[in-house]
Amino acid sequence: MSTDAPAVNPVVNHFIRTIIDNDLASGKHAAIQTRFPPEPNGYLHVGHAKAICLNFGLAQDYQGKCNLRMDDTNPEKEEDEYVNAIREDVSWLGFNWAGEVRYASDYFQQLYDFAEELIQKGLAFVCELNAEEMRAHRGDFVTPGKNSPYRERSIEENLDLFRRMKAGEFPDGSKTLRLKIDMASPNLNLRDPVIYRIRRAHHHRTGDAWCIYPMYDYTHCISDALEGITHSLCTLEFEAHRPLYDWVLDNISIGCHPQQIEFSRLELLSSITSKRKLNQLVTDGLVTGWDDPRMPTISGMRRRGYSPEGIRLFAQRCGISKSENIIEFSVLEGAVREELEASSPRVMAVLNPIKVTLTNFEPGVTGSRSAPFHPHHPEFGEREVPLAREIWIERDDFAEEPPKGWQRLFPGGEVRLRYSYVIKCDEVIKDAAGNVVELKCSLDPDTLGQNPVGRKVKGVIHWVSAEHAVEAEVRLYDRLFTEDRPDAIRGEDGQYLDFKQFINPASLTVVTGYIEPVVKDLPSEARYQFERLGYFVTDRVDHVAGEKIVFNRTVTLKDSWAKESK
RNA sequence: AGGGGAGUCGCCAAGUUGGUUAAGGCAUCGGAUUUUGAUUCCGACAUGCGAAGGUUCGAAUCCUUCUUCCCCUGCCA
C-alpha cells in the first residue's frame with residue numbers, strides 16, 4: 001500500500017453530469033462555469049458542503065471554473081463575520097474559487113440599470129400596495145390573484161417613481177418595484193413578483209449607498225449571467241422559481257442565459273440542516289457556538305476532527321439526484337472513519353482509568369519495545385512507549401465476572417498489553433464501598449514481542465504508564481440529537497414539538513485522560529487514533545501545545561463487541 | 001384553476017432510444033487473518049423496480065388508471 005498516490009475517487013455519474021456531457025458534446029459550451037452562492041447570514045453546514053463539493057467538484061472534473069459568490073441582497077441579515085467564515089470553510093474543504101470572491105452587491109448598479117430597462121419595456125411597475133394588501137391580491141393555490149391598482153401606470157411615471165425610490169424620497173416599505181407577468185399564473189412566483197424593496201439598512205459592503213435592494217429571484221439569475229455561469233445548480237425548492245429566472249433573462253439585454261438545474265438538498269438524520277435552527281442553538285446557548293464540535297456546520301465538523309477528505313467522501317456517497325436525499329448519520333461517520341483510518345497515527349490513551357500494579361516489574365530489567373504509529377504504514381515511524389510499575393488500563397477492560405465471549409482481563413485471567421507483555425490478574429483490591437480500585441498483576445517476562453508458549457492469549461488491551469502519562473482534557477462527543485428527525489416530532493396536539501428538547505444530554509462528556517507522553521507538544525488540529533477507542537483531534541481553539549492538552553473525540557472505532565454484548 | 005417535483009434492497013444510487021442472471025456504495029449478517037473485538041480479505045444480501053391493468057417474443061424502461069411523499073401563497077434566500 002502506498003500513501004503518496006493521491007486517492008482518486010471514481011467519478012460517480014449523475015444527471016447533472018449527463019447534461020454537462022451533452023452541452024460539451026453539442027458545442028453549446030466550450031467549458032463549464034459553476035458557482036457556489038451562499039447568503040452570508042450564517043455559517044455553512046453539511047448541506048452546503050454537498051453543494052460546494054458538487055459545484056467545485058464539477059468545475060475540477062471538467063477543467064472549468066467555479067466562483068464563490070456572496071448572495072448579499074438582504075442587508076438586515078448579512079455580516080462580514082459570515083463572509084469570512086464562508087471563505088475559510090470553502091478553502092479548508094480544499095477548493096479554490098476562480099478569481100476574487102464575488103458579491104451580488106457588486107452588481108447593484110447593473111441590476112438597477114436592468115430594472116430601468118424593464119420599466120422602459122413596460123414590464124415592471126412601481127406598486128404602492130403594502131405587504132398585507134399585496135398578500136390579499138396574490139390569491140392562493142386555487143384562486144387567481146388580482147391585478148394591483150398601480151399596475152397600469154405609464155412608463156414615465158414608473159421611471160420617475162423608481163428613480164425617486166432610489167433617491168430616498170419614500171419611506172421604507174411604502175413602494176416596491178414589481179414585474180408585470182401574470183397574476184393568474186398557477187405558479188405563484190409569477191404573480192407580479194416584487195424585485196425591489198425600500199429598506200434603509202446598512203449593508204456590510206455598500207454601506208448606506210442604497211436604500212433600495214433587489215430581491216433574490218431578480219438578482220440571482222442576473223448575477224449568474226454577468227459571471228458567465230453555464231450551469232446554475234441549486235436545490236429543489238427553487239424549481240418553481242426557474243420560470244422566473246428564465247423570464248428575467250429573456251427580457252433584459254444580457255447576452256448570457258445560464259441553465260438552472262435543481263437537485264435535492266441533503267437531510268442528515270439525527271442532525272439539523274436549517275441555518276435558522278442552528279442559529280437558535282447558538283443564540284440560546286445550547287452549544288458553545290457555530291463551531292461547537294457537535295454542530296453539523298463545516299467549522300463544527302472541522303473542530304470535531306472530521307477531515308476535508310472525509311467530508312468530501314461523504315458528499316460523494318450522498319449522490320446527486322432529484323429524489324429525497326435523507327442520509328443516515330452513519331454514512332457521515334463511516335466516510336470520516338475511512339479517511340482517518342488511513343491517515344491517522346495511533347497512540348494509546350486511557351480515558352476511564354483503573355490502576356494496575358505490575359508486581360514483578362523490575363526497573364532497568366523489565367524491557368519495553370517501541371511501537372509503530374500506524375500498523376500498516378511503517379513510514380509513519382515509531383515511538384518509545386515507556387512501561388512502569390504502575391500503569392492505567394481502561395475500566396471497561398476488566399470484569400470481575402467475565403461475560404461469555406470476554407477477551408479482556410478478569411481475576412486469574414491473562415491479557416496482552418498492547419506492544420508490551422502479557423499480564424495476569426492476581427489480585428483485585430477494593431475500597432470500603434466495594435469498588436475495584438486497583439489490580440495487582442504479574443507480567444510474563446517471556447512475552448515481550450512474542451507469544452507465550454503453551455497457551456494462547458487472545459485479548460489485547462491498551463494502557464499507559466502512570467508516571468509517564470500526560471493528563472489531558474478529553475471531550476467525548478456524541479450525536480447532538482436523540483431523534484432521527486428532531487424537528488419533525490409531533491406532540492399529542494399534532495403540532496411540531498420544539499426540536500431543542502431532543503438534544504442528546506450525552507452529546508458531550510468531559511473526562512480527564514491519560515495519554516502517552518508523545519502527545520505533549522502536538523499542535524492544534526492534530527488527528528490521532530487512540531487505539532481501541534476512536535479518532536481524536538487536538539482542539540482547534542482550546543488546546544495549547546505543551547501546556548493544556550485538549551482532545552476532542554471525532555468518532556469512535558467500530559465496536560463489534562459492544563454489539564455482541566448487548 | 002392549483003402548480004411543480006419524486007417514488008429501484010434498511011439508507012443512498014446507476015440503469016430510462018424496451019433486449020441476456022437489476023451496477024456500485026453505506027449498513028447488516030456469516031467466515032478468514034489480526035499484539036486495536038479496529039483495519040484488511042472473502043462470502044451472503046431486490047424472481048424485484050410505489051400499486052393494478054395493458055401493449056410486446058420480451059417492460060424498471062412504453063400506455064392507462066390509481067397511490068404515497070416533498071416543495072410553492074416573504075417587500076427572505
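The structure displayed is predicted, hence computed values, not measured ones. So you know, we letter chains A, B, ... as the sequences are listed, proteins then strands, and number each from 1.
Contact between the side-chain N/O atoms of Asn325(A) and the OP1/OP2 oxygens of C70(B) is not found at any separation under 4.0 Å.
At distances below 3.5 Å, not a single donor-acceptor pair connects side-chain atoms of Ser420(A) with backbone N or O atoms of Leu417(A).
If you look at Tyr218(A) and Tyr196(A), their ring centroids are closer than 6.0 Å. Taking the six-membered ring for Trp, Tyr82(A) and His204(A) have ring centres at least 6.0 Å apart.
Look at Trp561(A) and the base of G37(B); the rings stack, centres closer than 5.5 Å and planes less than 30° apart.
Atom name P, nucleotides G48(B) and A23(B): the rounded distance is 15 Å, in whole Å. Here, G10(B) and G53(B) have their P atoms 23 Å apart, quoted to the whole Å. The same atom, P, is picked in C11(B) and in U20(B); the two are 27 Å apart, to the nearest Å. Atom name C1', nucleotides G54(B) and G18(B): the rounded distance is 15 Å, in whole Å. Rounded to whole Å, the P atom of C72(B) lies 32 Å from the corresponding atom of U17(B). For the P atoms, the distance linking U21(B) with G30(B) amounts to 32 Å, nearest Å. Separating the C1' atom of C45(B) from that of A1(B) is a span of 49 Å, rounded to the nearest Å. For the P atoms, the distance from G4(B) to A14(B) is 24 Å, rounded to whole Å.
Residue pairs meeting the side-chain hydrogen bond (donor to acceptor under 3.5 Å, both in side chains) criterion with at least one partner in residues 168-192 of chain A, sequence neighbours excluded, are Arg151(A)-Asp192(A), Arg164(A)-Glu169(A), Asp172(A)-Arg200(A). Legend: salt bridge (Lys or Arg N to Asp or Glu O under 4.0 Å) pairs involving residues 263-276 of chain A, not counting sequence neighbours, sorted by first then second residue: Glu237(A)-Arg265(A), Glu267(A)-Arg485(A). Listed by first and then second residue, the salt bridge (Lys or Arg N to Asp or Glu O under 4.0 Å) pairs that reach into residues 319-334 of chain A are Glu239(A)-Lys322(A), Glu262(A)-Lys322(A), Glu333(A)-Arg479(A), sequence neighbours excluded.
Within residues 124-149 of chain A, the residues approaching RNA chain B are Leu129(A), Asn130(A), Ala131(A), Met134(A), Arg135(A), Arg138(A), Gly139(A), Asp140(A), Phe141(A), Val142(A), Pro144(A), by heavy-atom distance under 4.0 Å.
Counting non-hydrogen atoms under 4.0 angstrom, Arg369(A) reaches a base of the nucleic acid. Looking at heavy-atom distances under 4.0 Å, Arg178(A) makes no contact with the nucleic acid at all. Contact annotation for Thr447(A): base contact, defined as any heavy-atom pair under 4.0 Å involving a base atom. As judged by a 4.0 angstrom heavy-atom cut-off over every strand, Glu239(A) is placed among residues touching the sugar-phosphate backbone only. Contact annotation for Glu76(A): no contact, since no heavy-atom pair falls under 4.0 Å across all strands. Note on Gly449(A): a base of the nucleic acid sits closer than 4.0 angstrom, heavy atoms only. Within 4.0 Å (heavy atoms only), Thr219(A) reaches no atom of the nucleic acid at all. Heavy atoms of Pro375(A) sit under 4.0 angstrom from at least one base atom. Across all strands, Gly173(A) comes closer than 4.0 Å to base atoms (heavy-atom distances).
The side chain of Met215(A) sits closest to A77(B) out of U36(B), G3(B), A77(B). Here A1(B) is the nucleotide among A77(B), A1(B), G5(B) with the atom lying nearest to any side-chain atom of Pro186(A). With A77(B), G37(B), U36(B) as the choices, the nucleotide that has an atom nearest any side-chain atom of Trp406(A) turns out to be G37(B). You'll find that the side chain of Lys458(A) is closest to U34(B), out of A77(B), U34(B), U39(B). Side chain of Val460(A), nearest nucleotide from G37(B), C26(B), G5(B): G37(B). The side chain of His376(A) approaches A38(B) more closely than any other nucleotide in the set G5(B), A38(B), U36(B). Checking G37(B), U36(B), C69(B) against every side-chain atom of Gln407(A), the shortest atom distance belongs to G37(B).
In this view, Asp487(A) and Lys277(A) satisfy the salt bridge (Lys or Arg N to Asp or Glu O under 4.0 Å) rule, not counting sequence neighbours. In this view, Phe551(A) and Phe530(A) satisfy the ring pair (Phe, Tyr, Trp, His ring centres under 6.0 Å) rule, not counting sequence neighbours. Judged as a side-chain contact (heavy atoms from CB on, under 4.5 Å), and not counting sequence neighbours, the contacts of Thr273(A) are His45(A), Val46(A). Qualifying side-chain contact (heavy atoms from CB on, under 4.5 Å) partners for Tyr216(A), counting only residues two or more places apart in sequence or in other chains: Asp71(A), His220(A), Phe238(A). For Tyr528(A), there are no ring pair (Phe, Tyr, Trp, His ring centres under 6.0 Å) partners at least two apart in sequence or on another chain. Taking the side-chain contact (heavy atoms from CB on, under 4.5 Å) definition, one finds that Ser26(A) meets it with Lys28(A), sequence neighbours left out.
Between His204(A) atom NE2 and A77(B) atom C1' there is a gap of 13 Å when expressed in whole angstrom units. The interatomic distance linking Arg532(A) (CZ) with G37(B) (C1') rounds to 8 Å, in whole Å. Between Leu533(A) atom CG and G37(B) atom P the separation is 10 Å, expressed in whole Å.
For Pro214(A) and Arg408(A), each mapped to the nucleotide of RNA chain B holding its nearest heavy atom, the one lying further toward the 5' end belongs to Arg408(A). Both Glu341(A) and Ile198(A) lie near RNA chain B, and the one whose nearest nucleotide falls closer to the 5' end is Glu341(A).
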Note to self: Using the rule given for ring pair (Phe, Tyr, Trp, His ring centres under 6.0 Å), can you reason through Phe108(A) versus Tyr213(A), listing the C-alpha separation, both sets of side-chain angles and the distance that settles it, and then say yes or no?
What the structure shows: CA-CA 8 Å; Phe108(A) 279 174; Tyr213(A) 290 96; 5.8 Å; yes
Next item on the list: Give the intermediate values and the outcome of side-chain hydrogen bond (donor to acceptor under 3.5 Å, both in side chains) for residues Asp21(A) and Thr18(A).
Entry: CA-CA 5 Å; Asp21(A) 288 337; Thr18(A) 303; 5.3 Å; no
Strictly under 3.5 Å: I want the nitrogen or oxygen pairs between protein and nucleotides 8-11 of chain B, one per line.
unit_1	atom_1	unit_2	atom_2	d
G10(B)	N2	Glu328(A)	OE1	3.4
C11(B)	O4'	Glu328(A)	OE2	2.7
C11(B)	O3'	Ile326(A)	O	3.1
C11(B)	O2'	Ile326(A)	O	2.9

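A donor N or O paired with an acceptor N or O is found under 3.5 Å between the base of U35(B) and the side-chain atoms of Arg416(A). Between the side chain of Arg346(A) and the base of U36(B), at least one donor-acceptor pair of N or O atoms lies under 3.5 Å.
By the 4.0 Å N-to-carboxylate-O rule, Glu339(A) lies too far from Arg527(A) to be salt-bridged with it.
Taking syn as a glycosidic angle within 90° of 0, G53(B) does not qualify and is anti.
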Notebook entry, point to check: When Watson-Crick pairs (N1 to N3 and N6-O4 or O6-N4) and G-U wobble pairs (N1-O2 and O6-N3) count only below 3.5 Å on both distances, what is the dot-bracket string of RNA chain B, with | for other-strand pairs?
Noted result: .(((((((.[[[..)...(....]]].(((((.......))))).....[[[[[..)....]]]]])))))).....
